[in-house]
Amino acid sequence: MNTETFERYESEVRSYCRRFPTVFTKAKGALLFDENGKEYIDFFSGAGSVNYGHNNSYIQEKLIDYLKSDGILHALDMYTIPKREFIDFFETKVLLPRGLNYKIQFPGPTGTNANEAAIKLARKNKKRRNIFALMGAFHGMTLGALAMTTDKCSREGAGVSLTDVTFVPAPYMFPELDSIEYMERLITDDHSGIEKPAAVMIETIQAEGGIYVFDVEWLKRLRAFCDKYDILLVVDDVQVGCCRSGTFFSFERAGIVPDIVTMSKSIGGYGLPFAITMFKPELDIWSPGEHNGTFRGNQLAFIAAKAGLEYMLEHNVQQISVKNGEIIKGFIEKEILPLDSRLALRGIGSIWGIDFDKIPVEDLAGKIMASCFEKNLIIEGAGRKNSVVKLMPPVVIDEVVLLRGLSALKEAVTDNLKNI
Ligand SMILES: Cc1ncc(COP(=O)(O)O)c(C=O)c1O
């Protein structure tokens, strides 16, 4: 395996390749292959970008047809047929059946850019600078989104002060603290020192934060709090949207309607760069070009995104997500949790995390992930001290492959617990 070129020339900033030090060549469904022809099971899904599987054949065909037709590829935000068809489909098949009425913005094609657009628009609408974000949040690496992101390592890279955000303890952090009452107190107490925010920004399931699923009652109370105080509720569905949580949007289970929603990763269908920021029509006070970008509206991604939605509806991917989630949960409860009483399991739909934090061994989760890689399983970490092993296979993973991956994980956990 020759990785010398990368190690010599590619910046030290590279990250995932350090955990998975091989050279990948092909991918199909939930399987990856490297240049030695070794096969890996993917429990990472490109950080949640290939929920419908790598090189999904249905989407692939649509892409090939479009490429062969000499269809326009780069069009900035000009009108094109792929864009029209995506918007029409998204509106009629995804938004309207859910009673959602949003306008759609195509920002630069990354999650962080969708979030930049969201908070700019919130601040512009409410003419307030502050944003409430939650401790444990991850919203991206550009400065506005990074200001709402809590992990120390990412923030240290900023090199400037990250301002105009107030962090609120996430509901799981201090069980005795009612975080909604806390927010209410912050904005009503004239000695809190905190400015009323334009928006509260949340992930309904903190993914990078360690797989914390916020409960439905808390989400409903947050919606009511925002309504009461004329604050916008922004949901970042970049990672847990597109059926990852068991429903297309992660907030559906709470029956709430956010004012602004952001998506990226799997909304691009095929792992292509794509992002959308959606908002209630009355918030659309942008001036033309006010949030700009050369790669807004990647035509191939429009094709893949629409095909991804067709595939999702045709194959009932929401149901598959729930069914696979039950398999994952059942397996871990039966086969892995009994290995050590200090383990904790959290998750919903097809995103799960096993937390090793209570076992006082330096970087235990990291060691387990390294063992997984040796057993040809690609799996990543999350959470404080990276103590959580995060299971996020393609939502449509085949049951046999899923069980093979789970068995490899069990072996890796067993091996590592044996040594402590
Ligand atoms: C919840 C959430 N928001 C935003 C982002 C940033 O997305 P991107 O890396 O595409 O900028 C991520 C990336 O992992 C994420 O998980």
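Here, residue 1 is the first one in the sequence, and each next residue gets the next number. All ligand and atom numbering here is 1-based and tracks the order in the structure.
The N115 neighbourhood of ligand 1 comprises atoms 3 (N), 4 (C), with distances under 4.0 Å to a heavy atom of that residue. Atoms of ligand 1 found under 4.0 Å from any heavy atom of E203 (numbered from 1 in listed order, with element): 1 (C). Within ligand 1, the atoms closer than 4.0 Å to a non-hydrogen atom of T110 are 10 (O), 11 (O), numbered from 1 in the order shown.
E290 has no carboxylate O lying under 4.0 Å from a charged side-chain N of K120, or vice versa, which leaves the two without a salt bridge.
Side chain to side chain, K28 and S57 meet the donor-acceptor criterion of an N or O pair below 3.5 Å. A donor-acceptor pair shorter than 3.5 Å can be found between the side chains of S250 and D237.
Protein heavy atom nearest atom 3 (N) of ligand 1, with residue, atom name and distance: D236 OD2, 2.7 Å. Remark: minimum distance from atom 16 (O) of ligand 1 to any protein heavy atom is reached at Q239 NE2, 2.7 Å. If you check which protein heavy atom lies closest to atom 9 (O) of ligand 1, you get K265 NZ, 4.7 Å. For atom 15 (C) of ligand 1, the closest non-hydrogen atom on the protein side is F138 CD2, 3.7 Å. Protein heavy atom in closest approach to atom 11 (O) of ligand 1: T112 N, 2.9 Å. For atom 10 (O) of ligand 1, the closest non-hydrogen atom on the protein side is G111 N, 2.8 Å.
In H139, the part holding a heavy atom less than 4.0 Å from any atom of ligand 1 is the backbone. Contact annotation for N113 and ligand 1: no heavy atom of the residue comes within less than 4.0 Å of the ligand.
Aromatic ring orientation, F106 versus F302: perpendicular (interplanar angle above 60°, classes split at 30° and 60°). Using bins of under 30°, 30° to 60° and over 60° for the plane-to-plane angle, the ring pair F90/F86 lands in the parallel bin. Aromatic ring pairs are classed by plane angle as parallel below 30°, tilted from 30° to 60° and perpendicular above 60°; the pair Y52 and Y311 is tilted.
Taking CD1 of I336 as the start and CG of L406 as the end, the distance is 6.5 Å to the nearest 0.5 Å.
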Evaluate Y16 against F44 for ring-ring contact (aromatic ring centres under 6.0 Å, His included), listing each step before the verdict.
CA-CA 11 Å; Y16 296 121; F44 185 37; 5.1 Å; yes
